[in-house]
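Accompanying notes for the structure given below.
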Amino acid sequence: MASGSSGRSDDGRSPNDDLFHDEDLIRVIGREGFLIAAGGAASLLQTAHPKIAQGVYDHSYTAEDPLGRLRGTMQWVYVVGFGSRAQAERLSDVVRRMHDRVTGPGYAAGEPELQVWVAATLFATAVQVYELIFRRLSPEELAAYYEQSKIYATILGCPYAMMPATYADFRDYYAGTLASLRISEASRAIAHQVLHPKLPGGPLNAPALAAIRLITAGLMPEEIRDQYGWRWNRSRRARFRLLMATVRLTYPRLPLRVRTLPRDRYLKALRERLPQSSAAANG
């Protein structure tokens, strides 16, 4: 867990030390660029929660600048997983201040309940995709990865005790939350913005966006997919399985430097934009 940005942390490490090591599953899994293709599923699982959906609908710039929103989200995800403690805490403080302004009737982005759900969707989707492409994770690996993934809530101020304590507790929480969610009109409006973004290049993006929509629907839990009203018949199931089989055959054979290119580019852009933060964190 992250602590203050000055002095030594509770685990005895410097604020300029990384929060995680290269062998930690949060890095082994999180470095894979293909996870970005699954980002729509994680995002729309988050906004299946009506409070999150309303906050995003009222305050987000997704519709106006979808690539900018993706860039900001991925830079935060990557800097928490791969940056130094100082970098992660500095950018997370920016995110917290943004969340403080996201309030409205019945919702506030800083609510611990909502932070827990966002972190849960990031973890669950990453596991789902990694196992589809690479291999099944052992119970011990799932427990360790879940513990590491709690950082995506706690670094934003969510009390550690609010998170389901163990992976078994997480499974109960996740299944119970999915069963309780009732998506709203705001959820559906955001889903349209995410799955049909206005991007430079217009029609040239059509094949890639069709693939993203298929991946998003295929990864979505059935009870949420049905509420969104997405068509999921035998043909689409077969196309999803074929697509994932192709990815499973080809993607792991790519050089690691290619698979991690999105991470490297997002972090490079962040450090160029925030040179003082980068210098302080690496000094």
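Tyr173 and Trp117 have perpendicular rings, their planes meeting at more than 60° on a 0 to 90° scale where under 30° would count as parallel.
Remark: His59 engages no residue in a ring pair (Phe, Tyr, Trp, His ring centres under 6.0 Å) (not counting sequence neighbours). Contacts of Tyr57 classified as ring pair (Phe, Tyr, Trp, His ring centres under 6.0 Å), with partners at least two apart in sequence or in another chain: none. By the ring pair (Phe, Tyr, Trp, His ring centres under 6.0 Å) test, Tyr107 pairs with no residue at all, sequence neighbours left out. By the side-chain contact (heavy atoms from CB on, under 4.5 Å) test, Glu223 is found to be paired with Leu178, Pro221, residues two or more places apart in sequence or in another chain being considered. Take Asn233 and apply the side-chain hydrogen bond (donor to acceptor under 3.5 Å, both in side chains) test, not counting sequence neighbours, and it matches no residue. Under the rule for a ring pair (Phe, Tyr, Trp, His ring centres under 6.0 Å), the partners of Phe134 that lie at least two apart in sequence or sit in another chain are Tyr130.
Within the 3.5 Å criterion, the main-chain N or O of Ser84 finds a donor-acceptor partner in the side chain of Gln87. At distances below 3.5 Å, not a single donor-acceptor pair connects side-chain atoms of Glu147 with backbone N or O atoms of Leu142. Under the 3.5 Å distance criterion, the side-chain polar atoms of Arg27 are matched with a main-chain donor or acceptor of Phe20.
Within the model, atoms CZ of Arg171 and OG1 of Thr166 stand 11.0 Å from one another, a figure rounded to the nearest 0.5 Å. Here the CD1-OG1 distance, from Ile190 to Thr47, works out to 5.0 Å after rounding to the nearest 0.5 Å.
A donor and an acceptor atom, one from each side chain of Glu113 and His49, are located under 3.5 Å apart. For the residue pair Thr177 / Ser180, no side-chain donor-acceptor distance below 3.5 Å is found, with atom types taken as modelled.
Contact detail for Leu122 and Ala42: the closest heavy-atom pair is CD2-CB, 4.5 Å. Residue Gly40 comes nearest to Val194 through the heavy atom pair CA-CG1, 4.3 Å, listed as atom of the first residue, atom of the second, then distance. Minimum interatomic distance between Arg31 and Arg263 (heavy atoms only, all atoms of both residues): CB-NH1, 3.7 Å. Pairing each heavy atom of Leu19 with each of Ala88, the nearest pair is CD1-CB, 3.7 Å.
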